[in-house]
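Notes follow the structure.
Quick caveat: nothing in here was measured; it's all calculated off a predicted structure. The basis for the numbers below is simple: all heavy atoms, side chains too, and nothing from hydrogens, waters or symmetry mates.
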Amino acid sequence: MLPLTNLIGRLGGLTVVLAGLALCAIVQQEVDGRPMVPAVRQPSAAVVRTHPAAKVSRPPDTAPLIRQVRATVTVQWGALVRSAFGAQEVPQPDVHLVRIGQAGDWAFGTCAVPPAPGMDAMPHASVFVARRAGKTWRIALAGTRDFAQFLRQAPAAVIPADQRPSLERYGTTQSGNPPAGLALPWRAGQSWTVQSMADMSGLRFAGGDGQVLASGTGRLYRLCARSPGRAMILLIHPDGTATEYYQVADITGVKDGAPVQQGEYLGRVSTDRPCGGPSAQGQATASFTLLSGYRAVSLDGARIGGWTLHTDEDRFYADRSGMRVDSGNPLLNFGTDPARSSTPHPPSATSAPRSS
């Protein structure tokens, strides 16, 4: 019994010593004002595991592609652009990549050459398909021999099957005839003030509710896209003709290549010119022009919105059943079927009533 008694006594003494040490620690904490942080046991080297960094797929380097598109546009469009803009040098083309293949060997995009400084004209714009061969790119602009071939060869991720027919027609249509069945690019029944651009390459318009609408059914592509809601719009119609809309803000969120219907919202009039050209000041407007394939179409003789447009002797006017509206006056949009329109005729030959 004596050894057991001694053991209990010794344990009791140890308990007293440990309690005393704990009390000293508490007192020290209160004196120093520092919280007591328990030590954290560090894992031994044997249990520390490292994981290899996850592989991140890098986007393809598009700088060589963009340089090659610019060089190709400058060479192939050089004479056309210099003649249209009356410039000695071709302004640097703006290139917008719409889609590029996962392997980085195919690409589709838009390109636009801004007008010469101080010139009131629409940018010269079109689309292209590109194919990489080794370290170089081959560029096929719409209207060239390789364009249709590249369209057929490109993977569906770059040129979806439902977009190929209209793109192919756009690349080969060169009739030069104004497209049929188009409305003016604002709401039917509204009268907007219309003026021709200085070089007669397009119309500038403003008024109504400020909403720019699709003149016809087609597929939408952006040019000179800088940010969401900011771009020039190319609308390629099923027959291969196209319409362009410039100086338009708050662009629709429709994806590139998606279909839009006639009269569908595209954006709003503004003073923004993302492709370049002379700065727009004053009233917010929008610009509109016609294309047959990739070439500009003269407005002379085009029938749009129930009117026949004319550019005789460098003057723009529109006529309808003997009535005439000159540049700078309101023009009523009758839509695409004037024979069935119930909208009243304008009261005079120089103006049309404004929509309430």
May I ask you to test the [X]-[Y] pair for a side-chain heavy-atom distance under 4.5 Å?
X	Y	answer
Leu141	Cys111	yes
Tyr245	Leu235	yes
Ile233	Leu223	no
Gln190	Asn333	no
Met197	Ser287	yes
Val113	Trp77	yes
Tyr246	Met122	yes
Tyr265	Asp250	yes

Are a donor atom and an acceptor atom from the side chains of [X] and [Y] found within less than 3.5 Å of each other?
X	Y	result
Ser166	His237	no
Gln247	Arg273	yes
Asp239	Thr241	yes

So which heavy atom on [X] is nearest to which on [Y], and how close?
X	Y	value
Asp94	Cys224	OD1-CA, 3.3 Å
Thr193	Gly328	CG2-O, 3.4 Å
Ser191	Pro330	CB-CB, 4.0 Å
Val73	Pro93	CG1-CG, 3.7 Å
Pro114	Cys275	CB-O, 2.9 Å
Thr311	Ser298	OG1-OG, 4.1 Å

Stepwise side chain to side chain contact (heavy atoms under 4.5 Å, CB included) check, Asp300 with Leu309: CA-CA 6 Å; Asp300 193 37; Leu309 310 183; over 6 Å; no
If I take atom [atom1] from residue [X] and atom [atom2] from residue [Y], how far apart are they, to the nearest 0.5 angstrom?
X	Y	atom1	atom2	answer
Phe334	Arg320	CZ	CZ	4.0 Å
Ile139	Arg132	CD1	CZ	12.0 Å
Leu182	Phe288	CG	CZ	6.0 Å
Ser196	Leu299	OG	CG	8.5 Å
Glu244	Ser215	CD	OG	13.0 Å
His310	Asp326	NE2	CG	11.0 Å

Do any side-chain atoms of residues 205-213 form donor-acceptor pairs under 3.5 angstrom with protein atoms, and if so which ones, sequence neighbours left out?
from	atom 1	to	atom 2	distance (Å)
Asp209	OD1	Gln211	N	3.1
Asp209	OD2	Arg187	NE	3.2
Asp209	OD2	Arg187	NH2	3.3
Gln211	OE1	Arg187	NH2	3.1

Path from Tyr317 to Ile304 over hydrophobic side-chain contacts below 4.5 Å: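 Different clusters.
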From CA spacing to verdict: side chain to side chain contact (heavy atoms under 4.5 Å, CB included), Arg230, Asp272: CA-CA 8 Å; Arg230 184 170 186 240; Asp272 185 37; 2.7 Å; yes
Pair Tyr170 and Tyr221, ring centroids less than 6.0 Å apart: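 No: the rings miss the under 6.0 Å criterion.
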Between [X] and [Y], is there a donor-acceptor pair closer than 3.5 Å when you use the side chain of the first and the backbone of the second?
X	Y	answer
Thr110	Arg222	yes
Ser83	Leu80	no
Arg219	Ile236	no
Gln262	Gly181	yes
Arg70	Gln92	no

Do any side-chain atoms of residues 145-162 form donor-acceptor pairs under 3.5 angstrom with protein atoms, and if so which ones, sequence neighbours left out?
from	atom 1	to	atom 2	distance (Å)
Asp146	OD2	Arg138	NH2	3.1
Arg152	NH1	Glu168	OE2	3.1
Gln153	OE1	Arg131	NH1	3.0

Side chain to side chain contact (heavy atoms under 4.5 Å, CB included) assessment of Asp256 paired with His96: CA-CA 11 Å; Asp256 283 274; His96 171 56; 4.3 Å; yes
Stepwise side chain to side chain contact (heavy atoms under 4.5 Å, CB included) check, Phe128 with Leu97: CA-CA 9 Å; Phe128 68 88; Leu97 295 178; 3.8 Å; yes
